[in-house]
Engineer: 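One structure follows; several queries about it will come next.
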2 protein chains.
Amino acid sequence: MRTSQPLPLYKKLIDDLKTLIDQGTYKKGELLPSENELCKSYGTTRPTVRQALTELINTGYIVRQQGKGSIVAEPKKGLGILSVSGFTAGIGDKNLKTEILEKPQKRTWDNNFFYELTDEELKAGSIYFTRLRYINNLPVLFEETFITNIQLPRFTTRNLEDNSLFNTLSKYYQVEIKEGEQKIWAIGADKKISKMLNLKQGSPIVHMKRKLKTNIRNLNIYSWLYCNTEEYYLHDNF
Amino acid sequence: MRTSQPLPLYKKLIDDLKTLIDQGTYKKGELLPSENELCKSYGTTRPTVRQALTELINTGYIVRQQGKGSIVAEPKKGLGILSVSGFTAGIGDKNLKTEILEKPQKRTWDNNFFYELTDEELKAGSIYFTRLRYINNLPVLFEETFITNIQLPRFTTRNLEDNSLFNTLSKYYQVEIKEGEQKIWAIGADKKISKMLNLKQGSPIVHMKRKLKTNIRNLNIYSWLYCNTEEYYLHDNF
DNA sequence: AAGTGAAACTTGTATATACAAGTTATTAAT
DNA sequence: ATTAATAACTTGTATATACAAGTTTCACTT
């Protein structure tokens with residue numbers, strides 16, 4: 001077992017500032033502490049602080065204005081993060097529930113996996129789990145997820161229940177989504193899916209296959225989605 | 001008239017390297033000159049060179065690998081460009097056809113337009129047209145498009161037949177897609193759509209509503225899509 | 001009271017340097 | 001010839017500093 005190496009200072013700064021913005025300590029439109037103030041707080045120098053702030057700009061957390069400061073921006077949803085929404089106003093977090101059907105487990109890749117895999121991915125194997133998402137206790141989205149099992153110690157013991165896959169990857173493993181692709185079909189629900197999503201067999205559902213690439217080489221996230229869009233819809237940004 | 005101020009050195013570096021990559025002088029998978037070599041070429045130091053390279057990473061031109069170098073990346077497809085694909089190998093351009101059903105025409109916005117519009121957009125009005133796309137003479141995708149009528153002189157006379165909306169906007173109007181969002185449903189084809197897509201009424205089809213933002217303020221592209229995914233599927237990158 | 005200007009902030013650009021850590025090529029030992 | 005150690009590269013992180021340029025504040029002048 002390896003002792004966990006300390007996070008570089010600028011990454012600690014990124015984490016801290018993201019957390020403070022996410023928590024609402026620094027609100028949209030407000031100014032962050034100036035670069036020199038952050039230097040003093042962290043006992044470092046401007047290039048290091050600026051390295052962190054540049055990252056926050058690129059992830060949409062802040063904008064910088066010369067002479068003024070770093071302004072907290074509209075909280076941008078993560079690249080490729082899919083959400084389920086509806087027209088009914090007020091779908092708060094309380095009405096969302098995520099159930100783990102099959103807990104994260106190590107698994108080898110299928111021989112005829114839909115996407116092409118690199119040798120490193122094949123060697124590393126995958127972590128597989130399935131989830132079912134509810135809105136107002138209505139099952140809406142069934143999701144199968146495969147994650148390349150690279151640099152993810154103890155991942156199978158993590159709790160992924162409330163929409164926290166991307167948060168977990170970011171917080172504990174410094175994994176960030178960089179880009180992705182998706183393929184989309186409309187299909188009629190088969191017996192298994194229709195039962196799970198509480199639909200009549202043959203009802204139109206959205207099926208997606210997605211590949212999300214991360215900042216870690218060969219660490220990709222694959223997911224197959226099946227979504228009931230009678231009451232709600234799938235939504236994403238790019 | 002103001003004399004143009006000299007470009008900062010790191011921006012000149014960005015421009016130069018982008019040009020060399022676009023021109024193919026540095027090809028995909030190849031290494032750029034090392035940071036120290038660039039320092040010598042430009043008579044500067046590593047922090048400045050790294051500032052430029054970091055920007056190239058964020059725009060997808062390169063990836064950096066510690067100990068190895070800066071690797072020219074896959075030329076990234078345009079943001080938000082949707083394509084229709086199939087498993088059948090060899091869907092060449094020859095098998096693709098786009099038919100303009102309703103030619104581009106100026107039009108005021110609907111009172112209850114699906115997306116919220118700015119005052120400037122409302123004032124400018126829209127350009128509206130519909131297209132039907134075929135693969136191997138099979139109608140696959142029906143698309144309604146609304147573009148904010150800002151800085152688009154003579155647009156209604158342009159030919160948009162072969163997948164060239166984004167090319168036209170880029171080439172003649174310097175309009176580039178910056179980001180976007182989409183909402184996705186699976187629905188049963190109604191009478192009109194089923195007829196157009198040569199389907200049985202009620203067959204599952206993909207319906208999407210998309211908003212694409214551009215580098216021009218208030219110039220957005222909205223489109224409603226209806227896609228037959230029995231033989232092919234929708235594909236996009238982000 | 002209104003306007004001017006300087007001071008004191010802010011971020012933007014840049015130099016110079018140092019050591020850590022990962023990769024590749026070379027050299028030396030077996 | 002193969003292997004192992006080493007040297008020579010590469011990028012990653014960090015310090016310390018300087019001046020340019022944009023914004024805000026406030027005291028001073030009118």
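A quick note: this is a predicted structure, and the numbers were derived from the prediction, not measured. Throughout, protein chains are lettered first and strands after them, A, B, ... in sequence-line order, and every chain is numbered starting at 1.
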Engineer: Could you state the CD-P distance from Q66(A) to dC19(D), rounded to the nearest angstrom?
Structural biologist: 17 Å
Engineer: Is the shortest side-chain N to carboxylate O distance from E143(A) to R131(A) below 4.0 Å?
Structural biologist: yes
Engineer: Just the rounded figure in Å: distance from P of dT10(D) to CG of L38(B).
Structural biologist: 10 Å
Engineer: Taking OP1 and OP2 of dT10(C), is either one under 4.0 Å from a side-chain nitrogen or oxygen of Q65(A)?
Structural biologist: no
Engineer: Base, sugar-phosphate alone, or nothing: which one does L53(B) contact when heavy atoms must sit under 4.0 Å apart?
Structural biologist: nothing
Engineer: Please give, in whole Å, the distance from dT13(D) P to L13(A) CG?
Structural biologist: 13 Å
Engineer: Hey, does the Lys NZ or Arg CZ of K183(A) hover above the aromatic six-ring of Y233(B), less than 6.0 Å from the centre and inside 45° of the axis?
Structural biologist: no
Engineer: Please state how far atom NZ in K12(A) lies from atom P in dA14(D), giving the value in whole angstrom units.
Structural biologist: 12 Å
Engineer: What is the nucleic acid contact for L9(A), judged by heavy atoms within less than 4.0 Å: base, sugar-phosphate only, or nothing?
Structural biologist: sugar-phosphate
Engineer: In this structure, which one of L56(A), T59(A), L9(A) forms a side-chain contact (heavy atoms from CB on, under 4.5 Å) with I14(A)?
Structural biologist: L56(A)
Engineer: Of P47(A) and G67(A), whose nearest nucleotide on DNA chain C comes first from the 5' end?
Structural biologist: G67(A)
Engineer: Looking at the side chain of P8(A), which of dT13(D), dG12(D), dG12(C) is the nearest nucleotide?
Structural biologist: dT13(D)
Engineer: Nearest whole Å is fine: how far is dT13(D) C1' from R64(B) CZ?
Structural biologist: 11 Å
Engineer: Any side-chain N or O of K68(B) under 4.0 Å from OP1/OP2 of dG22(C)?
Structural biologist: no
Engineer: Does R107(A) come within less than 4.0 Å of E102(A), counting only side-chain N to carboxylate O?
Structural biologist: no
Engineer: From the options dT13(C), dA14(D), dT11(D), select the nucleotide whose nearest atom is closest to the side chain of Y10(A).
Structural biologist: dA14(D)
Engineer: Distance check: side-chain N/O of T45(A) vs OP1/OP2 of dT17(D), anything under 4.0 Å?
Structural biologist: no
Engineer: Flag the pair F113(B) / W224(B) as yes when their ring centroid distance falls below 6.0 Å, and as no otherwise.
Structural biologist: yes
Engineer: Rounded to the Å, how far apart are L31(B) CG and dT11(D) P?
Structural biologist: 8 Å
Engineer: To the nearest angstrom, how far is L7(A) atom CG from dA20(C) atom C1'?
Structural biologist: 16 Å
Engineer: On DNA chain D, compare the nucleotides closest to Q51(A) and R46(A); which residue's is nearer the 5' end?
Structural biologist: Q51(A)
Engineer: I want to verify a distance call: between dT11(D), dT23(C), dA14(D), whose nearest atom is closest to the N36(B) side chain?
Structural biologist: dT11(D)
Engineer: Taking only side-chain N and O atoms of S34(B), does any of them lie within less than 4.0 angstrom of OP1 or OP2 on dT10(D)?
Structural biologist: yes
Engineer: What's the closest nucleotide to the T48(B) side chain, out of dT15(C), dT11(D), dT13(D)?
Structural biologist: dT15(C)
Engineer: Are OP1 or OP2 of dG12(C) and a side-chain N or O of R50(A) less than 4.0 angstrom apart?
Structural biologist: yes
Engineer: In whole angstroms, how far is the C1' atom of dA8(C) from the CD atom of E37(A)?
Structural biologist: 13 Å
Engineer: When E121(A) is tested against each of Y222(A), Y115(A), W109(A) for side chain to side chain donor-acceptor pair (under 3.5 Å), which residue passes?
Structural biologist: Y222(A)
